[in-house]
Structures are given as structure tokens and as C-alpha cells.
Novice: 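Provided herewith is a single structure, encoded as C-alpha cells, for subsequent inquiry.
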Amino acid sequence: MLNNAKQIVDILLNPSLLLSMPLAQQSDLMIVLRHQKIIARFAYLTKQYDVFDKLHEKTQRHLKNALKIAEKQKEQVQLEASLISNLLKNESKFVVFLKGAAYTLSDTLVGKGRVYSDIDILVNKAELKSCEQTLAFDGWLGQEISNYDDKYYRKWAHEIPPLEHCERGTIIDVHHNIIPIISQDAPTVEALTSFIQTNKQGIQTLTPAAQFVHSAVHLFRNEDYNNAFRDISDLYLMLLNENGNEVNENFLLDVQKVADDLTFNYEVGLAYSLVSQIFSLNIPKNFIERNLNKSRLRTAFDQFIFKDVLLPQHDLLPGSHTPFKHFLAIIRGHFIKMPFALLCYHLIVKLGRSIIEMIFGKHIFTPKDEMTLDNIEQNKAHKN
Amino acid sequence: MNQFRLALPPFLFDIKTDLPIVAENAKNIYGDCYTELLDENDFVDYRLTVTHSGGIRRFYKPQARFLCDEREPFKPLNANQAYAILEWGMNWTVAAHELQYVIIHSAVLAKGDKAIIFPAPPGSGKSTLTAHLANSGWRLLSDEMALILPKTNQVIPFVRPVCLKNASIGLAKQWFPDNVFSTIARDTHKGDVIHMAPSKQAIEQNTKSASIVGIVYPQYNADEVLNIYPLNMTDTFMQLVHNAFNFTAIGEESFDTVVNLIEQTKNFEIQYNDLNEVDAFLTEEIINAE
């Protein structure tokens, strides 16, 4: 049995701790890391720290499986990125890869072993329609959704419904802003374009500092905290200097510029304070404090819930589940995103559904067609 | 919740369930590979759960859910199919996670250290053929998946029960009255389904790999005693890739493995209705050929 969530942090900071861990604990660790979607990241760290070769073959096998998937995904993302960039270069003023895909494409520490289920891209809102059409001609098709959902996406959200490539099965999320329009402080196109970088192959991402700010905004304006530990570990890794043990102070200055320009100071401040708490990273106090520009009560409340919500949660980690704080984090996320009336409506629908699930069982809302091994084969064959 | 473990080399599964038919069947089918004594020092590869859907669903049309750790890859089935969902769930777990082997959806049977793999879609009669051969002097390595070491022709056993459907259930019980069977899962997407336990001898040799010498695509055909069609390399390649669970995920390594296999093995498609003829053909033309 593992000890607690803190043990996962310790082992990420120092993978050689794995060598003195009983084998049964290592097996639990593999399961928790896979669940947290950081097993491939951890596998890279064990190689970097020269721990991998000394591990038991069973632990190695699970890490190798994770590395294979990460390597495959890296190849796939590089291919898709060049195809999509070429396809849209005449349609949109910019085609910027965001989040996970951007980490991989920038080939930085945070991109090593980072896996994700879809590729996020940002295009110019004025040219969104023509981008969609060009993508559709190339085989990127959306699933059918209701008119209401479609309207919701376009009017209030910052992205259009996901598109899937009909041959390769890759899924992309096309964004026209980095945060939902409905939250009113979404940045303008002009503000965003000054933080775009283009690599040698002509592929665009946000600058590393803007990637950090985007990641922080995404994490602290969310209402889904299932991958929160991976997300906070992204932020931690982005802050490290080349030696990988201390904070990169020049990077803090770059981040400050982006945070000031886009007025996302509070999210950056929260990111700094939680990274320093969770990963014991020494970030100068003035950087933390100057960004935490909301009331003391608000700051204290956010820190109170996130110091636990951002840690890994799993049945194999005793005491890691914090359902009340989790619930608060979800409410908070909705509250930030939506006007009050809409929030009430949304929560009533959600609550109603969970009560019905409690009475009638978990799958009352699940559509009837069965997903079986045979179907998976067919899907796979289809994607090949 | 009941908790037990299945030591099915090369993997160790830990299973929790609150549906009694799951543990009863697993105990029955896996014999010595089943244990309720949980050794705290074991390296568990996957933690699986088979549970009901909760709420009043427990009493009205009860369902069985399968979870691998906290992931739920399939929608739930009727509770009488709970053991089948565990078997299919274990297949899914291995196919979705294990990339150290090229995994081909096929039965694997061996004589001595020479193995034949039988990749085939559902409905081809593959499992009935497997059941017959496994009870006629062949060693069962798997009914569902061939775990092949990359860039070799070595196949690793993953000894599991044979999954029989519909009419085959009666036949198998009649042919092999001494064998151990699971309870019947009625009305699944494959029809009625039963699992037949592997033999003691297959389990005893469940860590002994074999060399693949033949690839045979079986197709049951009531009008043909035995018709044999040699396959060219291109056809075999396409069919193998089509049946490989993780071909694209592994990439180049799996391509090399499949090409190497095809070059070194005999490849046939057969249509048959006489299992003994098939047995004789496989033994003479493939196993004893060299």
C-alpha cells in the first residue's frame, strides 16, 4: 500500500526513491501514475535520473508501455501539426497549437512524456468559418450534436465542437479564444498575437511564458479537476531552469509581462503559490504576492481548496479523496465561467441527474449500444 | 466486496467483485491460478472490478459493470453475463495496455515447441476448432490473443478459457463431458456464451513459449469437408495487420515482426466441416513438415 498523495510528489521530485520501494508498492504506484496520466512523464524522469535500468523488469514493463504510447503520440502530433498548419496557412492569420500538443512541439521538459487525447488549435475568429470548411474538405468532421449545443459552443464557448479525422481518427479542438467568451475578460486577438512564436518548420505555438499563463488560466478556471495533478505538474516543470532543480527567474519576468498584458495575474499568482507549496519550489515571494490581486478571503479560500484538489486522488492513496473540496472546486469553476442565473439552471440539471443515477444506477443515461471487444476491433480497423 | 487474484502469466490480476457468480466461475475455471490469499508482496499488474450498477438497478434488471482501475471501457451488461464481462475485460486490459508484445487477435495452439496461430473474425468457428484441438493432443496457449515477442517468431502463452457460443455450447458439453465450464451468459451481443476451462497440462506449461510455424485462417463451412487455399504473402500480411490489436501503436517494430513471421511460416486459409481432417492436415503439413 502507498502512504499518501504526498508520496507521489516526492517520487516525482526524486525518482531514485523508487529503488528502495517494495515491489508491491511499485505496482500500486504504476496504477496510480497511469490513472493520473503521468506515467510516461515519470518514465522519462526515471531515465533522466539513471533509475530506469536498475528497476525490476515488471516495473520496467509498465514504464516501457507508457513510453511507447508517448513516443507514438509525439510522432503523430508532429505529423498532424505540419498537415494542419499547411492546410490552414492561407485561411487563418495564425494557426497556433495549444496545451499538450504545444508542449510536445516545443520539445521542452514539460513535453517529455506528456500525453493527451486531442490536439488543441487556435485560429483567428474572423476566419473561423472558412477554417472549418477547409478542414471539412480535408476529412475533419464533427459529430452530430443538438442545435442547442452547437449554439452554446459558438456563442458562449471559446471553441467549436471537436472534429475527428475520418481516416486517421485524430481529434482536434478548434479554439477561437483561450478562455470562454462568456467570462468577459477573454483577451482580444491583438493581445494574443504578440505572444505567438513560429518554429523552423513553420509551426506556431504560444511563447513558453504565454503557454504557462494559458495553462494556469485553464487550471484555475476549470470545473473538471480529474487531471489536476498532471496540470499542476505541467506548471511546475515549466518554471524550472535548465538544471531542473531551481526556478528560472528570467522566465518569471517573461510570465509577468504576459500576465500583466492579458490581466491574468490572479491565476498566475495562484499557480506560483500552489507550485511552491506542493513541489517545495522556491519562488520569490514578491512574484507571488504582486499577482494575487484578489481579496484576502478569496485568495485564502482558493488556496484552501486547491492545496488538496490538485494532489493525486486514488483509492490506492489513503486519505487522498477530498470530496467536499472537490465539490467546492467544481462550483467555483462554474461560478467563474457562467452568469449566476445560468449557473443555477446548470446545477439543478446536474443535481437532478445525479439523484436519478443514485436511484436507478450509474448507467441510466448511457445509450444502449454496447461497446465490446469486437467493436473496439472494428474501430481500430476503421482507424487503420 | 469479494477479492481474489488470478495469476495468468505473464500478468497478475487483482479482482474485486460484489457479484457472486464472478468469483464462483473464476474459481471453477482457473483452479490453481485462482487465490483468495492476497500476498502483500505480489506485483499486481492490473486491478479490475466487476460490480453491479447501484441503486434499484440491483433488483430490477440488474447490470454488471467492468472497471480497469477506475476506467470503464464498456457499457454494462446484464448481470447474468458478469463472468463473461470479466473475461472480455481482461482481454481488453491486455490489448489496450501491453505494447511489449505484438498482439494478434487469434487462437494459438502448439505441438511440442511448434505453434500455429489462427487469426479469425467472430463467427468463423475459430473457438470450436480451438476447443477440439485443445482436447486432441494440442497445447492451448490462447483462444483470444497471440502475444508475440517483437522481431521474433516466439509466441508467449496467455492461457485462458475457450469462449464458445450458441450451438457450440451443446456440442462442447457433449464432446468433453469431463471438462469444466462456466455458467452460461445468455443473450450477449454474441448470443449465448460459455467459457471452457483450459486443461491442467496447458496451465502447467503457461510460461513456456513456442515458435510460430504456421498461420491458418479458419472458416467453418457446412458444405466443405476440408478445402485448403495457400495464401500469398500480401494476403497474409493484410489479414494479420487487420487482426493486430496494437499494430499502429507499436509501429515499425510490429511491421518488422509481421513481415518476418510471414516469411518464416506456412500460410493457409481453410474451409472445413470436419475437425479431425483439419487436425490431420495441420499436423502433417505444418507441424511435421520440416
Novice: Would you call B:Arg47 and A:Asp315 a salt bridge, using N to O less than 4.0 angstrom?
Specialist: no

Novice: Please state whether the side chain, the backbone, both or neither of B:Asp69 comes within less than 4.5 Å of a heavy atom of chain A.
Specialist: side chain

Novice: Given B:Ile250 and A:Lys68, is the side chain to side chain contact (heavy atoms under 4.5 Å, CB included) satisfied, shown in steps?
Specialist: CA-CA 7 Å; B:Ile250 302 184; A:Lys68 274 243 161 76; 4.2 Å; yes

Novice: Is it the backbone or the side chain of A:Leu316 that comes under 4.5 Å from a heavy atom of chain B, or both, or neither?
Specialist: side chain

Novice: Donor-acceptor check, side chain of A:Ser27 to backbone of B:Phe43, threshold 3.5 angstrom: yes or no?
Specialist: no

Novice: Heavy-atom pairs under 4.5 Å with chain B - which of A:Lys72, A:Lys64, A:His62 has more of them than the others?
Specialist: A:His62

Novice: If we only count heavy atoms from C-beta on, is the B:Glu98 to A:Arg61 side-chain gap below 4.5 Å?
Specialist: yes

Novice: Looking at B:Val44, B:Ile85, B:Asp14, which has the largest count of heavy-atom pairs under 4.5 Å with chain A?
Specialist: B:Val44

Novice: For the atom pair NZ (A:Lys58) and CG (B:Asp42), what is the distance rounded to the nearest 0.5 Å?
Specialist: 8.0 Å

Novice: Let me know if B:Asp45 has heavy atoms under 4.5 Å from chain A in its side chain, its backbone, both or neither.
Specialist: both

Novice: Would the number of heavy atoms belonging to other residues, nucleotides or ligands and lying under 6.0 Å from CD of B:Glu36 be above 12?
Specialist: yes

Novice: Please look at B:Glu40 and chain A and tell me whether the side chain, the backbone, both or neither of the residue comes under 4.5 angstrom of a heavy atom of that chain.
Specialist: backbone

Novice: Identify which part of A:His314 has an atom lying under 4.5 Å from any heavy atom of chain B, answering side chain, backbone, both or neither.
Specialist: both

Novice: For B:Lys165, I'd like to know if atom NZ has over 12 heavy atoms of other residues, nucleotides or ligands within 6.0 Å.
Specialist: yes

Novice: Return the NE2 to CD1 distance between B:His97 and A:Ile69, rounded to the nearest 0.5 Å.
Specialist: 7.5 Å

Novice: Can you tell which part of A:His35 gets under 4.5 Å to a heavy atom of chain B, answering side chain, backbone, both or neither?
Specialist: both

